[in-house]
Amino acid sequence: MTERNHFLIFPRIMTPDSLKRLREWFRANAAELPWRPAGLDAPRDPYAVWISETMLQQTQVSTVRDYFTRWMKRFPDVEALAKAEEAEVFKYWQGLGYYSRARNILKTAKIVAALRQAQEPCKMPETRKELEALPGIGAYTAGAILSLAYHQREAILDGNLVRIFSRLYELDFLPTDKGSANKNCTEIYWEYAREVADSPKAYMHNEALMELGRTVCKTKSPLCETCPLRGECRAFQECRTTEFPPAKKRTEKSWHGTVLVVESADEKILAVNGGQKFLDKQLALPHFESARHATVALPAKAEDYINADEVKSVEYCGTFRHSITVHKIECDVLHVQLLTKAKASHLPTENSDKPTAFEWIEKAKAFETFANSFSLKALKKVFC
DNA sequence: AAATCGGGGTG
DNA sequence: CACCCAGATTT
C-alpha cells in the first residue's frame, strides 16, 4: 500500500470539464459583494482580500458585508491601518468576535508598513512563505491573497471546500482528524485543493468553490439539483449527502462566575486588560469563577481588584448568560461602589501571574469603551 | 492532536 | 435553545 492509493481508488473528479462547468456556474451565479467590485476576472486589491478573508473566518458573509465596507472607508489601505490605535481598530471590529484577529491585523499592518520602500506604497508580500510568517495569516489566508489578488496558482482550503471535497469523494474524515495509513488527513484535503488550483484560473476556481459551498453545497439541506458538480458527486449519486462531512464532536463547558462593576467615588469604572479567564488581552470588566448564589457577600477573590476597607456598598444586580465558543457562561453581576476616588492604589500588587493592566473609565463613556458584549451585558445589568 | 477564541443569524 | 459560520494560534 502506498500513500497514493487514495487517489488510485478514487478517480479524478475535478477534470477540466467539470472545472469549466464550475466556472460557468460561478459567472452566472456570483453574488455581488463589496470585496469583488470590479468583475470576476480582475485581480483584487491584496489588502482588501486580506481584510475580507480575515473577517470571514468563522463569520458569515451576510454579517461581514457591512463591517467590511465600514472598515475600508476608515482604513482604506495598509498605511492608514498601520497608523491606527488598537482601541479604534477594536471598535471597527466590535461584534465580529475573535478579537485576536483584529489585534493580529494591526500587528501585520505595522510590519508591512515598516517594510515599505521609500516613495513606494505599502504592498502585501507575494509569496506564501512571507505571508504565512505574518501574524494572523495562515495557510488559508495566504492562499486567498496569492490566488485572488496576485492570480497565482495557489490553493486554499476552508470549511466550504472541505464540505465539497468530502461529498464529492465521500471522504469520511475531517482535515482535523488523526492521520490514517501513511497520509495525514489534512494533506489529503490539501491535495484535492491543489488539484483545483493547478490552473491559470486558480483564482476563479477557489472563489467559485467557496461560493458553491456557501450557497449550494450547504451543510444543511444542500441544493444538489442546481449543483454544477452533481453528475460526479459520489455522495449525491448515492443519496448520502447528509453523511458527509462527518460531524465533529465538541465538548461543552459550563462556567459560573462573578463580574464586578467597580465604581469609584468620582464615577469611574475599573477595567482590566490581561490575566483573566475570558477576554484575555482586551479591555474587560474584572471577573472570576464563583459558585452559584454565592454573591450575598463580596467574595474574597474580589479583593484582588479592590481594597475591602474602601467599599461603600455592594449590590447584586442580576445574572446574565453569555457564550464564548464552547463555554456556556452564567455570570452574577455585582455593583461595587467605593468611598474613594479612582487611583492607582486600588490596583492589586501581588496576585497577578500574568501581565495585567488596569484602567479607570469614565462611567459616561463605559458603554462605548468596551468592545466585547460580555462586559456590555454586565454594565447593562447595573445601569439600565 | 486538542484546546482556545465571540458574536450574530437561523430554524 | 442548538447549531452554524471564507481559521489561526497556542499548548
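Note that these values count all heavy atoms, side chains included, but never hydrogens, waters or copies made by symmetry. Throughout, protein chains are lettered first and strands after them, A, B, ... in sequence-line order, and every chain is numbered starting at 1.
- At the heavy-atom level, Lys253(A) lies under 4.0 Å from the strands shown only through sugar-phosphate atoms.
- Evaluation of the side-chain hydrogen bond (donor to acceptor under 3.5 Å, both in side chains) rule for Thr127(A) yields Glu130(A) as partners, not counting sequence neighbours.
- Contacts with DNA chain B (heavy atom under 4.0 Å) in residues 150-166 of chain A: none are found.
- DNA chain C is contacted by Trp35(A), Glu53(A) of residues 35-53 of chain A, taking any non-hydrogen atom closer than 4.0 Å.
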Polar atom pairs (N or O), protein with nucleotides 8-11 of chain B, under 3.5 Å:
| from | atom 1 | to | atom 2 | distance (Å) |
| --- | --- | --- | --- | --- |
| dG8(B) | N2 | Gln60(A) | NE2 | 2.7 |

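- Contacts with DNA chain C (heavy atom under 4.0 Å) in residues 125-139 of chain A: Leu134(A), Pro135(A), Gly136(A), Ile137(A), Gly138(A), Ala139(A), listed by number.
- Applying the side chain to side chain donor-acceptor pair (under 3.5 Å) test to residues at least two apart or on different chains, none of the pairs has a partner in residues 76-85 of chain A.
- Listed by chain and number, the residues in a salt bridge (charged side-chain N to carboxylate O under 4.0 Å, His left out) with Arg214(A) are Glu211(A) (sequence neighbours excluded).
- Taking Trp35(A) as the reference, Phe68(A) meet the ring pair (Phe, Tyr, Trp, His ring centres under 6.0 Å) condition, with sequence neighbours excluded.
- Backbone-only contact: Thr141(A) has heavy atoms under 4.0 Å from sugar-phosphate atoms and none from a base.
- Using a 4.0 Å heavy-atom cutoff across all strands shown, Glu252(A) reaches no nucleic acid atom at all.
- Here, dT11(C) and dG6(B) have their P atoms 15 Å apart, quoted to the whole Å.
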For residues 132-150 of chain A, dump all side-chain donor-acceptor pairs below 3.5 Å to protein atoms at least two apart in sequence or in another chain.
| from | atom 1 | to | atom 2 | distance (Å) |
| --- | --- | --- | --- | --- |
| Glu132(A) | OE2 | Arg128(A) | NH1 | 3.0 |
| Tyr140(A) | OH | Glu53(A) | OE1 | 2.4 |
| Thr141(A) | OG1 | Gln57(A) | NE2 | 3.0 |
| Ser147(A) | OG | Gly143(A) | O | 2.8 |
| Ser147(A) | OG | Asn206(A) | ND2 | 3.1 |
| Tyr150(A) | OH | Met124(A) | O | 2.7 |

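- Taking the ring pair (Phe, Tyr, Trp, His ring centres under 6.0 Å) definition, one finds that Phe367(A) meets it with nothing, sequence neighbours left out.
- For Tyr140(A), counting side-chain heavy atoms from C-beta on, the closest listed nucleotide (dA6(C), dG7(B), dA1(B)) is dA6(C).
- The ring pair (Phe, Tyr, Trp, His ring centres under 6.0 Å) search around Phe370(A) returns none, not counting sequence neighbours.
- Residues meeting the ring pair (Phe, Tyr, Trp, His ring centres under 6.0 Å) test with Phe236(A), sequence neighbours left out: none.
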